[in-house]
Amino acid sequence: MEPLSERAAATHRRILEAAAAELIETGDIEVAAVARRAGLSVGLPYRYFGTRSGLMSALLADFYDRLVNETVLGHFSGHTWLERWRAQLTRWVDWVYDEPLASVVLGRMVGDAQVAAMEARCARQVIALGAKHVAAGQAEGVVTRGRDAELMSAAVVGGMRSVLAVVLNQDPRPDRAAVLQEIWEFSTGALGATRDDTP
């Protein structure tokens, strides 16, 4: 696939932003409504994304790309694995709390088989990256050795997603520091991480 021109890339981004706003506001995506919101012709989203499912899949992929870039691939300060993990969890909770689309994507977004396949692909990517982090903790002797890093990552990622899906749709939302502490306790316990009493 050829890279988009600057103008086409701007239109692509404009459609995705309109789709995100539509999904946040209504809980669904209608292509005509997205086009109106973006100030574009009804046919233009189809030209860029093919179908409604294509648009929803692209929106999911964009959400997870931003999530991964902000909360997984960044540098997290700390002298030890546990300090870096705490910093990463803090960033993850902050990003999800501040991202308007998170409550829909993590908690109540529905779609067809194409959208479900994209969701599964994105989840696999996060789990694979998490497995590298778990393996690094095992190498440092902080995380239990002899267990499958990918399975441990899947358990932690799945648990975090479930916790965040619940709290993001509560009104009022729980204090993020309390949510962070719950995820910290759960994740370090699931990983068998050796830790002191400091959070």
- request: Please lay out, stage by stage, how Val34 and Leu55 fare under the test side-chain contact (heavy atoms from CB on, under 4.5 Å).
  value: CA-CA 10 Å; Val34 170; Leu55 176 56; 4.2 Å; yes
Any donor-acceptor N/O pair, Glu99 side chain to Leu101 backbone, under 3.5 Å: yes
- request: Indicate yes or no: at least one non-hydrogen side-chain atom of Thr51 is less than 4.5 angstrom from one of Met56.
  value: no
message: Any side-chain to backbone donor/acceptor pair from Arg14 onto Ala38? Under 3.5 Å, distance only.
response: yes
- prompt: Are Ile24 and Leu59 grouped together when hydrophobic residues (ILVMFWY) are joined by side-chain heavy atoms under 4.5 angstrom apart?
  reply: yes
- request: Indicate the atoms forming the closest heavy-atom contact of Ala139 with Arg145, along with that distance.
  value: O-NH2, 3.1 Å
task: Return the minimal non-hydrogen interatomic distance between Ala35 and Pro45, and the atom names on each side.
output: CB-CG, 4.0 Å
- prompt: Between Arg84 and Glu140, is the closest basic N to carboxylate O distance under 4.0 Å?
  reply: yes
task: Give a yes or no answer on whether the side chain of Ser53 reaches the backbone of Val115 with a donor-acceptor pair at less than 3.5 Å.
output: no
- prompt: Tell me, do Arg121 and Arg124 make a side-chain contact under 4.5 Å, heavy atoms counted?
  reply: yes
statement: Closest non-hydrogen atoms of His79 and Glu83, given as atom of the first, atom of the second and distance, are N-OE1, 2.6 Å
query: Take atom CZ in Arg66; do more than 12 heavy atoms of anything else shown fall under 6.0 Å from it?
result: yes
field: Check: Val143 main-chain N/O paired with Gln138 side-chain donor or acceptor under 3.5 Å
entry: no
Residue pair Val72, Leu67: steps toward the side-chain contact (heavy atoms from CB on, under 4.5 Å) verdict: CA-CA 7 Å; Val72 179; Leu67 173 68; 5.8 Å; no
statement: Looking only at heavy atoms, the pair that brings Thr194 and Gly141 closest together is OG1-O, 4.3 Å
- request: Keeping the roles fixed (side chain from Asp62, backbone from Ala58), state whether a donor-acceptor pair exists under 3.5 Å.
  value: no
field: Polar side-chain atom of Glu70 near backbone of Trp95 as donor-acceptor pair, under 3.5 Å
entry: no
Spatial distance of atom CD (Glu182) from atom CG (Leu89) [nearest 0.5 Å]: 12.5 Å
message: The test is salt bridge (charged side-chain N to carboxylate O under 4.0 Å, His left out); show your working for Arg37 and Glu17 and say whether it passes.
response: CA-CA 9 Å; Arg37 193 181 284 267; Glu17 288 173 354; over 6 Å; no
field: Stepwise side-chain contact (heavy atoms from CB on, under 4.5 Å) check, Met118 with Leu60
entry: CA-CA 7 Å; Met118 176 59 73; Leu60 259 181; 4.0 Å; yes
message: With heavy-atom distances below 4.5 Å as the criterion, would you say the side chains of Thr144 and Leu191 are in contact?
response: no
Test item: Ser153 side-chain N/O and Ile127 main-chain N/O as donor-acceptor pair under 3.5 Å: yes
query: Do Ile15 and Leu40 have side-chain heavy atoms sitting under 4.5 Å apart?
result: yes
- prompt: When hydrophobic residues are tied together by side-chain contacts of less than 4.5 Å, even through go-betweens, does Trp81 share a cluster with Phe186?
  reply: no
task: Going by the ring-ring contact (aromatic ring centres under 6.0 Å, His included) test, name the single residue among Trp85, Trp92, Phe76 that passes it with His133.
output: Trp85
message: Can you tell me how far apart OG (Ser187) and CE (Met152) are? Round to the nearest 0.5 Å.
response: 10.5 Å
message: Quick check for you: to the nearest 0.5 Å, what is the distance between Ile183 atom CD1 and Glu185 atom CD?
response: 11.5 Å
task: Find out whether Val134 and Val156 are in side-chain contact, i.e. whether some heavy atom of one side chain is under 4.5 Å from a heavy atom of the other.
output: no
- prompt: Between Thr90 and Trp184, is any side-chain donor less than 3.5 angstrom from a side-chain acceptor?
  reply: no
message: Between Arg13 and Glu6, is the salt bridge (charged side-chain N to carboxylate O under 4.0 Å, His left out) condition met? List the steps.
response: CA-CA 11 Å; Arg13 170 55 48 193; Glu6 188 175 332; over 6 Å; no
Which atom of Val105 lies closest to which atom of Tyr64, heavy atoms considered: CG1-CE1, 4.1 Å
- request: Could you give me the CA-CA distance, side-chain angles and deciding distance for Thr71 and Asp94, then say whether side-chain contact (heavy atoms from CB on, under 4.5 Å) is met?
  value: CA-CA 9 Å; Thr71 69; Asp94 283 342; over 6 Å; no
query: What distance do Leu23 atom CG and Glu30 atom CD have between them, rounded to the nearest 0.5 Å?
result: 11.5 Å
query: Rounded to the nearest 0.5 Å, how far does CD of Gln88 lie from OG of Ser77?
result: 11.5 Å
Close side-chain approach of His12 to Phe49, heavy-atom, < 4.5 Å: yes
- prompt: Is it true that Arg52 and Glu22 have a side-chain N and a carboxylate O under 4.0 angstrom from each other?
  reply: no
